Amino acid sequence: MQPGSDAQRSPIVRRLCDLHDRVTTAGFALAAALVGAIAAAFCYEVVARYFFGAPTAWTYDVGCYLLAAVIFLSIPEMTRRSAHIHVNLIFDYLSPAGVRMLRTAIGVLAVAACLIAAWITGSETWRQYSQEVWTLSALPIPKWWVSILIPYGLLSSALHFLRQLGRGTGETLLIGGAER
Amino acid sequence: MTWWVALSGGLVLLLTLFLLGVPIFVAFVVLNVIGVFVFFGVAGFGLFANSIYSTATLGALSAVPLFIVMGEILFRSGAMDVLFDSLDRLIGRIRGRQYVLCIVLSAILGALSGAAMAVAGLLGRSLFPTMRKRGYDTQFSAGTILAGASLDPIIPPSVLAVIIATLADVSAGKMLVAGILPGLLLTGMFLIYVLIRVRVTPSLAPDVDADAADRKTQGSVFMALARMVPSAFVFFMVMGLIMLGVATPTEAAATGVVGALVLAAYYRGLSWKMLTEALASAATVASLLLIIMCSAVMFSQLLTFSGATRALGQFVVGLELPAALMLLAMMALPFVLFMFLDQVALMLVLIPIYQPIIRIYQFDEIWFWTLFLVVATVGGLTPPFGYVLFALKSAAPDVPMTTIFRASWPFVWIICGGMLVMALVPDIITLLPRLMGPR
């Protein structure tokens, strides 16, 4: 067990972390399913247009909305896996202590950036909700139905970055994953 | 604040964050939040939120996860193994036939998927051990695999081409089609180079008789050709439908997924497990790429708001450089930077800076951005941080990294030579998009 790992926390924190992980996993599973839904929607459009002469007005918009869902439902899982793309040049030239310090600093920056971005996008989503803003498209829907996924993805990512920070030092604090 | 202070300050901050190892999407969020705050104050944050929303709901980008899932299904279904065996039969009794097989197979794989890393990994695990076992030169074998893999983002379908087209605001269909002839040109150049090298240095390849002794190289030519026909069906479902004007690139990506599923079923490789893994893999790769785009698009809007785009255009006009020199400079910069930085991240920085310059010099946009795509592809091959090099290394861990580095350079220079030909004969890039008409 790593120092500061989730398992060492109080039962409430552990349960919250567990819940967070479950929501993250479910969100990612939904995102994967939605990739299939995007493919199905666009195929349906081609078939409807060329075989039945009845193009739909909704598939393009649905594809767009689902793409946003795929991205922001997947991002927390990518953060949990430490899979975000980053450049890994400097770590080879630092001492272990230097690497730890740098990773801590990067973790703090990542938490702050994701929290601020979540706040900005959350505020905009709230504005869309309170002013009843609808999408300008062939299939208009309340814009917040889609945009609420953005603050969700960013906030959940901020929490995963924070949990990685809280898990302590060294190997447990892997901020980046898909390295150049 | 003057434009050059804003631009250089922003770029220095961004590059510093990249080099410190900050996740790229986080670096762009930091830059853009600071940029919006400096230029507009807190009241401008809505612009940032809307830039994320509008990028995440950009229809053309739906093709990205679909192209990835199509390639994943094909890789996992066994269709690639059938292609491999069929081609192995079709390549004649020539010295160095495995080098030829590697390059031709890569070009065909490029027409079925668009991921250089996946192809380098696949060939590194399957073809590379066979080549070494048959007595082929390790370094030259590694070079042909790297070269072959580099064809994949150029030959459509290509995720990178869709991303460039979206960022540069040009037709994604034309960008995809534009890659066909350059991909074939580079394939031809690689083949000529390989055959010349083998003729000059026979020790690079084993004796023809020993090489062709494998049972896979025997059998009916007709059957080998027949086994390849179903794969052509997938290519038609994507590029055929785009070129015939039946489907948009995104729709064609979706029909390509259906084609890949049909092919997987035909080869009895279709299963629920395979499908869910392919979808999860597509969601993973697409979200990692697209979160960077979502967080970065505001950068190009900030360049416009700050006046940097217009001022940079005026600055470039003032330089009065000949078009050829400007083109060389605009390709040399990413050639160097792609060695060290992520492709998509660098595209997000360079494309908005390049757009006004392209208009000033009246470069054909499809021609220019296809050359840019080729440079980006080279970035995956160039030491010390080309990601395709590491994909091959992970597939063949016993081969020293220095061998892989040395293996890549000849093919990097061949691609540069190919770019020179494409620059001098623009029709190689623009002919097929022109035949598509105004779509």
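Only this structure's heavy atoms are used, side chains among them; waters, hydrogens and symmetry mates stay out. Predicted, not measured: the structure shown is a model, and the values here were computed from it. Each chain gets a letter, A, B and so on, in the order its sequence line appears, and its residues count up from 1.
Partner of S62(B) under the side chain to side chain contact (heavy atoms under 4.5 Å, CB included) criterion, out of V70(A), L67(A), L66(A): L67(A) alone.
Contacts between V35(A) and chain B at a heavy-atom distance below 4.5 Å involve backbone atoms as well as side-chain atoms. Residue contact with chain A, scored on non-hydrogen atoms closer than 4.5 Å, involves the side chain of L17(B) exclusively. In this structure, chain A has heavy atoms under 4.5 Å from both the backbone and the side chain of V22(B). Looking at A280(B), the atoms closer than 4.5 Å to chain A (heavy atoms on both sides) sit in the backbone and in the side chain alike. Contact annotation for A345(B): neither backbone nor side-chain heavy atoms come within less than 4.5 Å of a heavy atom of chain A. Contacts of I292(B) with chain A are made by side-chain atoms alone, with heavy-atom separations under 4.5 Å and no backbone atom involved. Both the backbone and the side chain of F45(B) come within less than 4.5 Å of a heavy atom of chain A. Using a 4.5 Å cut-off between heavy atoms, L19(B) touches chain A through backbone and side chain atoms alike.
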Inset, instruction - Apply side-chain contact (heavy atoms from CB on, under 4.5 Å) to T255(B) and F42(A), showing your working. - result: CA-CA 8 Å; T255(B) 55; F42(A) 281 110; over 6 Å; no
Inset, instruction - May I have the step-by-step check of side-chain contact (heavy atoms from CB on, under 4.5 Å) for N50(B) and K143(A), ending in yes or no? - result: CA-CA 11 Å; N50(B) 279 320; K143(A) 204 171 178 181; 3.7 Å; yes
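Between T57(B) atom OG1 and D61(A) atom CG the span is 9.5 Å, to the nearest 0.5 Å.
Scanning residues 111-125 of chain A against chain B with a 4.5 Å non-hydrogen threshold yields A113(A), C114(A), I116(A), A117(A), W119(A), I120(A), T121(A), E124(A), sorted by number. Identified by a heavy-atom distance below 4.5 Å to chain B, the contributing residues of residues 148-160 of chain A are I150(A), L154(A), in residue-number order.
Counting all heavy atoms, side chain and backbone alike, A247(B) lies closest to R49(A) at CA-NH2, 4.1 Å.
Each of F91(A), F72(A), Y65(A) has some count of heavy-atom pairs under 4.5 Å with chain B, and the biggest count is that of F72(A). Contact count versus chain B (heavy atoms, under 4.5 Å) is highest, among Q128(A), R127(A), M78(A), E77(A), for M78(A).
Environment of CH2 in W126(A): sparse, with no more than 12 heavy atoms of neighbouring residues, nucleotides or ligands closer than 6.0 Å.
Put simply, the side chain of Y53(B) reaches to within 4.5 Å of the side chain of T135(A), judged on heavy atoms.
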